[in-house]
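What follows is a short report on a single structure.
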Amino acid sequence: MKQKNWQEIKSMSSAELNAKLVELEDKYYKLKFRNSAAPVKNPLEIREMRKNIARVKTLLAEQKKGK
């Protein structure tokens, strides 16, 4: 994830992060489905998508804790 995008995501509210999480998970499942039918051009995209989902979930957990 680019530094600029990371700063934008860190400054989002929890409602925006939840929306972003839903969007990323939807893209991830579609990408996995396309990969199972026919290999995608860049398989590292799947790994990066998974990491982005984890980052958003981590930020949500931190916000929930009150950090």
Side-chain angles (χ1 to χ4, degrees):
M1 181 174 287
K2 295 180 182 175
Q3 186 68 22
K4 182 179 178 186
N5 290 342
W6 177 242
Q7 293 300 326
E8 288 175 9
I9 289 177
K10 283 181 79 172
S11 65
M12 288 182 174
S13 68
S14 60
E16 292 171 327
L17 283 173
N18 281 324
K20 183 77 170 172
L21 180 63
V22 169
E23 174 190 338
L24 286 172
E25 286 179 337
D26 186 48
K27 285 182 182 179
Y28 175 68
Y29 290 121
K30 286 180 182 178
L31 188 62
K32 277 183 57 177
F33 182 75
R34 275 192 293 150
N35 189 45
S36 66
V40 292
K41 291 180 183 175
N42 186 5
L44 295 177
E45 193 176 354
I46 296 171
R47 183 187 316 165
E48 189 63 31
M49 189 74 63
R50 212 172 41 236
K51 287 181 179 183
N52 289 338
I53 290 170
R55 286 180 182 118
V56 171
K57 285 183 177 181
T58 301
L59 285 174
L60 281 170
E62 286 177 359
Q63 285 184 356
K64 215 175 235 187
K65 276 185 155 180
K67 285 189 174 182

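The model shown is predicted, which means the values in this text are computed figures rather than measured ones. When a residue number appears, it is its place in the shown sequence, counting from 1.
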Applying salt bridge (Lys or Arg N to Asp or Glu O under 4.0 Å) to Lys27 and Glu45, what does each step give before you reach the verdict? CA-CA 11 Å; Lys27 285 182 182 179; Glu45 193 176 354; over 6 Å; no
Going from CD on Glu23 to CG on Asn52, what distance comes out if it is rounded to the nearest 0.5 angstrom? 10.5 Å
Option passing side chain to side chain contact (heavy atoms under 4.5 Å, CB included) with Ile46 (candidates Met49, Glu48, Arg50): Arg50
Atom CG in Asn18, atom CD in Gln63: separation rounded to 0.5 Å? 9.0 Å
Pairs touching residues 29-43 that satisfy salt bridge (charged side-chain N to carboxylate O under 4.0 Å, His left out), sequence neighbours left out: Asp26-Lys30
If the condition is salt bridge (charged side-chain N to carboxylate O under 4.0 Å, His left out), which residues does Glu16 pass it with, not counting sequence neighbours? none
Just so I know, are the side chains of Arg55 and Ile9 near enough to count as touching, which here means a heavy-atom distance under 4.5 Å? no
What's the separation between atom CG in Leu44 and atom NZ in Lys51, rounded to the nearest 0.5 Å? 9.0 Å
Heavy-atom pair with the smallest gap, counting every atom of Asn35 and Val40: OD1-N, 3.3 Å
Membership question, hydrophobic clusters at under 4.5 Å side-chain separation (ILVMFWY): are Val22 and Leu17 in the same one? no
Got a second to check how far Arg47's CZ is from Asn42's CG, nearest 0.5 Å? 10.0 Å
I'd like to know if Lys10 pairs up with Glu62 as an ion pair, taking the criterion as any Lys NZ or Arg NE/NH1/NH2 lying under 4.0 Å from an Asp or Glu carboxylate oxygen. no
